[in-house]
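Scroll down for the structure; my scribbles are underneath it.
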Amino acid sequence: MALLELDGVSKRFGGVAALTNVSFCVDPGDIHGIIGPNGAGKTTLLNCISGVYRLEGGVISLDGARISGLPPHQVARLGIGRTFQVVKPFASMSVRENAAVGALFGSAEARMPPRAAFEWADQVLELVGLAAKARQTVGSLTIPDRKRLEVARALATKPRLLLLDEVMAGLNAVEVDEALQMVRQIHASDVTIVLIEHVMRVVIGVCTRAIVLHMGKYLAEGGPQEVLRDQRVVEAYLGEKYARRAARD
């Protein structure tokens, strides 16, 4: 059975169709990439999975049980953690305290008394490479470290499924390599991952499968290399004119 299944998922904002009849499955142990041009509906899709948005159509299921329609805190307690593109840590708290919040208010398995929550936060910070900065204030962190903290807070909820929304956006080449290693370590801890990413070497480097969205619709799916060679995908990213030129070259 698939861990996550989307069947005909649709979402509208007024007269604008953000997602139209999107269907796919994520198997346990996958690193499933979601790619597509800006405005393709990728973040909207994560918002639908995590309960931030209600659907206009379709069903989202976790382990075969319907979760679409549940509020975000209930979705989190079922074992789905997520990050956001715009990180918003608790500025008045330390790095360690931020991570502990996930353990205090996360999934049913993660919710624990304060002492245990802080011990788990320490383990999570070690996993994402922030253990040495646990006592620092959030304001002292660099942008890459704030992204790591965003991941740590989500991981502290002990998710079975982790949704990552462009955690490598704006990073330089060295920082991307470090973030790639972090994703591999998280995956090795028995966490299934769905990630949105524009950095194609990330998609190729860690994803087992990739789905392409274009204008809110399902366009293609398969292995990363296979998907990125699909002519429809090339046209969606580069435009038909440049796709034909690339094909000739």
Side-chain angles (χ1 to χ4, degrees), residues 26-38 40 42-43 45-46 81-89 95-96 98-99 102 120-213 221-230 233-234 237-238:
V26 177
D27 291 330
D30 271 359
I31 303 180
H32 208 110
I34 301 177
I35 63 176
N38 289 331
K42 303 182 296 297
T43 295
L45 186 65
L46 292 198
R82 70 159 297 179
T83 67
F84 292 84
Q85 281 188 40
V86 180
V87 297
K88 294 182 178 180
V95 170
R96 187 174 187 242
N98 267 269
W120 175 238
D122 290 337
Q123 295 180 50
V124 169
L125 291 173
E126 182 72 36
L127 182 62
V128 303
L130 283 178
K133 300 178 180 180
R135 306 287 179 176
Q136 292 184 19
T137 61
V138 171
S140 68
L141 296 182
T142 62
I143 293 298
D145 281 344
R146 289 190 179 210
K147 287 178 177 286
R148 288 177 180 273
L149 179 57
E150 181 80 355
V151 175
R153 287 198 304 177
L155 271 181
T157 68
K158 291 192 175 181
R160 291 179 292 154
L161 174 65
L162 180 62
L163 312 176
L164 301 177
D165 194 350
E166 293 194 41
V167 295
M168 302 184 202
L171 303 186
N172 63 37
V174 173
E175 292 163 348
V176 167
D177 287 338
E178 293 172 347
L180 269 170
Q181 183 60 26
M182 177 184 69
V183 170
R184 293 187 182 106
Q185 289 174 333
I186 292 169
H187 181 247
S189 68
D190 200 27
V191 177
T192 300
I193 297 172
V194 173
L195 64 87
I196 293 174
E197 194 49 69
H198 283 293
V199 181
M200 288 301 105
R201 72 184 181 93
V202 171
V203 177
I204 294 171
V206 299
C207 291
T208 50
R209 292 187 67 77
I211 178 174
V212 185
L213 296 180
E221 185 177 8
Q225 294 278 11
E226 171 192 355
V227 163
L228 292 174
R229 287 194 297 265
D230 190 307
V233 176
V234 175
Y237 269 113
L238 303 177

request  = State whether the side chain of T208 and the backbone N or O of I31 hold a donor-acceptor pair below 3.5 Å, judged by distance alone.
outcome  =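 The answer is yes, because a donor-acceptor pair under 3.5 Å joins these two groups.
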request  = For the pair L180 and D177, evaluate side chain to side chain contact (heavy atoms under 4.5 Å, CB included) and give the outcome as yes or no after the intermediate values.
outcome  = CA-CA 5 Å; L180 269 170; D177 287 338; 4.3 Å; yes
Working to the nearest 0.5 angstrom, can you tell me the gap between [X] [atom1] and [Y] [atom2]?
| X | Y | atom1 | atom2 | answer |
| --- | --- | --- | --- | --- |
| E175 | D145 | CD | CG | 8.5 Å |
| R135 | S140 | CZ | OG | 13.5 Å |
| T192 | H187 | OG1 | NE2 | 6.5 Å |
| N98 | L130 | CG | CG | 10.5 Å |
| I143 | R148 | CD1 | CZ | 13.5 Å |
| Q85 | K147 | CD | NZ | 8.0 Å |

Looking at every non-hydrogen atom in both residues, tell me the closest pair between [X] and [Y] and how far apart they are.
| X | Y | value |
| --- | --- | --- |
| I196 | T43 | CD1-N, 3.6 Å |
| P224 | A210 | CA-CB, 4.4 Å |
| L125 | A152 | CD2-CB, 4.0 Å |
| I35 | E197 | CG2-O, 3.5 Å |
| A154 | T83 | CB-CG2, 4.2 Å |
| I186 | L127 | CG1-CD2, 4.0 Å |

Just so I know, are the side chains of [X] and [Y] near enough to count as touching, which here means a heavy-atom distance under 4.5 Å?
| X | Y | result |
| --- | --- | --- |
| R209 | D27 | no |
| D122 | E126 | no |
| K133 | L149 | no |

task = Please determine if D190 and K158 form a salt bridge, counting it only when a charged side-chain N lies under 4.0 Å from a carboxylate O.
result =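 Salt bridge flag = no for K158 with D190.
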query = Can a salt bridge be assigned to the pair E166 and K42 using a cut-off of 4.0 Å between side-chain N and carboxylate O?
reply =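 No, no charged N to carboxylate O under 4.0 Å.
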ask   = Is there a side chain to side chain contact (heavy atoms under 4.5 Å, CB included) between I193 and V206 once you walk through the steps?
value = CA-CA 10 Å; I193 297 172; V206 299; over 6 Å; no
task = Check step by step if side chain to side chain contact (heavy atoms under 4.5 Å, CB included) holds for V183 and M168.
result = CA-CA 10 Å; V183 170; M168 302 184 202; 3.8 Å; yes
request  = Report the C-alpha separation of V167 and E150 in whole Å, then their side-chain angles, then the decisive distance to 0.1 Å, and conclude whether the side chain to side chain contact (heavy atoms under 4.5 Å, CB included) test is met.
outcome  = CA-CA 9 Å; V167 295; E150 181 80 355; 5.9 Å; no
